[in-house]
Structures are given as C-alpha cells and as structure tokens.
Amino acid sequence: GIQVEQSPPDLILQEGANSTLRCNFSDSVNNLQWFHQNPWGQLINLFYIPSGTKQNGRLSATTVATERYSLLYISSSQTTDSGVYFCAVEQDDYKLSFGAGTTVTVRA
Amino acid sequence: GAVVSQHPSRVICKSGTSVKIECRSLDFQATTMFWYRQFPKQSLMLMATSNEGSKATYEQGVEKDKFLINHASLTLSTLTVTSAHPEDSSFYICSASRRSSYNSPLHFGNGTRLTVT
C-alpha cells in the first residue's frame with residue numbers, strides 16, 4: 001500500500017514562532033487532507049488539498065502532487081495549536097491512509 | 001458545525017460484554033462510511049469500510065466476527081465490539097463522505113474511547 005511519512009515526529013515551539021510540517025507520500029493520490037487532533041481526540045479538518053496552495057488564517061498548506069509531498073505552515077503559533085497534526089491521502093478507493101503524525105507543543 | 005455524529009463518546013464495559021458504537025451523517029446521505037482505530041500515541045488505522053445495504057469490507061487482520069458492522073440506512077452505521085476484552089480498549093472513530101466523486105473531503109466523528117475492564 002501507499003506509504004505516508006510525516007516529519008518531524010515532534011515539534012516544540014515557543015508561542016509566536018513559525019513552523020513547517022512535511023508529508024511525503026509514495027504514490028499518486030486523488031486526495032490529501034491535513035487534520036489537527038486535539039487532546040480530546042477530535043479530528044479537525046484543516047485542509048482538503050490534493051494540489052496547490054490554500055490558506056486559512058494563520059495556517060496554510062501547499063501540495064506538490066507531481067513531487068508527492070505536502071507542507072503545512074503554522075505562523076505565529078499559539079498554545080491552542082498544540083496537538084497532533086496528521087496528513088492523510090486517498091487513492092482510488094475512498095480510503096484514507098494516515099501518516100504517523102507530528103506532535104506539536106506550543107509553549108507560552 | 002459537525003457533519004458526522006458519533007455516540008457514545010466514552011464507554012467503559014466489563015470483559016465479555018458487547019458494545020455498540022453509532023456513527024451518523026447529520027445532513028447528508030452516506031453510502032459509505034469508514035471505521036478507524038487508534039491506539040495511544042499512534043496513528044489511525046482503517047478497520048473496515050461500511051457499505052449501505054451490503055456487507056462491510058474488512059482490512060487485513062481485522063476480525064469480522066469480533067467487530068460487527070451494520071449500515072442499515074444511508075445515515076447510520078454501527079460498530080459492535082463483541083465479547084470485548086481489555087486489548088480491545090482503544091479509540092474508535094468513524095468517517096463519512098457526502099461525496100459522489102473524489103472532490104470533497106471526508107468528515108470524521110468525534111470518536112469513542114472504549115475501556116474494557
């Protein structure tokens with residue numbers, strides 16, 4: 001099956017700092033989504049981004065499908081940004097394959 | 001607002017009992033829903049694909065007799081953990097799509113934390 005690799009596995013930030021999370025995938029995909037899982041386990045859709053660039057407030061994402069990677073940018077980080085960020089990709093069968101996640105800790 | 005509702009959010013049960021988890025699409029019809037399992041500090045692993053009106057499709061290594069899935073209507077799928085044991089303790093989360101093609105995101109329920117004592 002498709003391999004989804006996220007880096008770094010852990011990230012500690014000072015409040016106000018910027019950061020970039022990366023997602024590499026091993027095959028072509030129809031869909032790529034970024035999620036934030038909060039401490040209560042809720043998965044929050046951040047971006048649906050099979051290609052191109054999108055922005056939502058302090059977050060933005062870029063997917064370069066031809067090179068099989070996606071980047072999630074967090075700017076001016078806040079403590080509420082803490083949690084696990086997952087990248088998930090979908091091929092031809094509607095099933096999402098998740099990366100291992102990046103655990104982000106933002107310190108005040 | 002939430003488009004996929006999952007219930008209960010938390011359940012504690014004794015070994016040997018069965019637990020049913022519901023997943024509902026709130027304002028759309030979902031012919032396909034998915035069930036995932038997540039162990040602490042790990043990623044989400046797909047367990048099975050729930051198909052309305054037909055049998056679920058299970059991923060390799062998932063016991064279909066252990067994890068019964070029923071998708072009786074276009075807005076409801078249920079996962080029943082039968083004869084639960086402590087190793088079944090985990091976070092279970094469902095997803096559904098309102099899509100008819102590959103051009104819209106999958107939405108997730110808030111998950112169910114199962115503890116088997």
Side-chain angles (χ1 to χ4, degrees), chain A residues 1-7 9-11 21 23-25 27-52 54 56 61 63 65 70 82-105, chain B residues 1-6 8-11 21 23 30-52 56-62 77 89-115:
Chain A
I2 191 169
Q3 303 300 310
V4 184
E5 296 181 353
Q6 289 187 243
S7 60
D10 298 280
L11 190 59
L21 283 60
C23 173
N24 293 332
F25 42 98
D27 202 350
S28 58
V29 299
N30 290 320
N31 174 20
L32 186 145
Q33 289 182 244
W34 282 97
F35 297 91
H36 175 215
Q37 188 171 40
N38 64 23
W40 297 272
Q42 295 173 326
L43 271 179
I44 310 299
N45 277 302
L46 296 178
F47 293 102
Y48 166 79
I49 186 166
S51 64
K54 291 186 178 180
N56 184 2
T63 297
S70 183
S82 296
V84 183
Y85 289 81
F86 287 106
C87 165
V89 300
E90 176 187 341
Q91 295 186 288
D92 297 329
D93 53 8
Y94 294 105
K95 301 177 186 178
L96 280 180
S97 296
F98 282 78
T102 293
T103 300
V104 173
T105 303
Chain B
V3 296
V4 176
S5 173
Q6 191 171 336
S9 59
R10 187 181 297 267
V11 59
I21 303 169
C23 180
T31 56
T32 304
M33 294 185 179
F34 301 91
W35 288 95
Y36 292 81
R37 181 175 184 176
Q38 185 180 30
F39 289 107
K41 299 191 183 301
Q42 293 189 22
S43 188
L44 282 78
M45 298 299 296
L46 180 66
M47 297 175 65
T49 302
S50 174
N51 304 298
E52 188 270 336
T57 305
Y58 290 82
E59 295 301 301
Q60 191 172 7
V62 178
S77 174
S89 298
S90 191
F91 189 65
Y92 295 87
I93 189 165
C94 69
S95 72
S97 173
R98 64 175 77 219
R99 64 174 60 172
S100 58
S101 62
Y102 298 115
N103 58 2
S104 60
L106 285 166
H107 298 279
F108 283 79
N110 286 337
T112 297
R113 196 165 301 281
L114 171 64
T115 303

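Per chain, numbering begins at 1; letters A, B, ... match sequence-line order. Keep in mind that the numbers below use all heavy atoms, side chains included, and drop hydrogens, waters and symmetry copies.
- Neither the backbone nor the side chain of A:Phe47 comes within less than 4.5 Å of any heavy atom of chain B.
- By the 4.5 Å heavy-atom criterion applied to side chains, A:Phe86 and B:Leu44 are counted as neighbours.
- Here A:Gln6 pairs with nothing under the side chain to side chain donor-acceptor pair (under 3.5 Å) rule; sequence neighbours left out.
- Looking at every heavy atom in both residues, B:Ser43 comes nearest to A:Ala100 through CB-CA, 4.0 Å.
- Between the OH atom in A:Tyr48 and the NE2 atom in B:His107 there is a gap of 10.5 Å [rounded to 0.5 Å].
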- Which is it for B:Phe108 and A:Gln33 under the side-chain contact (heavy atoms from CB on, under 4.5 Å) test, yes or no, and what are the steps along the way? CA-CA 12 Å; B:Phe108 283 79; A:Gln33 289 182 244; 5.5 Å; no

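- In terms of heavy atoms, A:Lys95 sits closest to B:Tyr36 at C-OH, 4.4 Å.
- Ranked by heavy-atom pairs under 4.5 Å with chain A, the list B:Met45, B:Gln38, B:Lys41, B:Glu59 is led by B:Gln38.
- Ranked by heavy-atom pairs under 4.5 Å with chain B, the list A:Gly41, A:Gly101, A:Ala88 is led by A:Gly41.
- Neither the backbone nor the side chain of B:Thr32 comes within less than 4.5 Å of any heavy atom in chain A.
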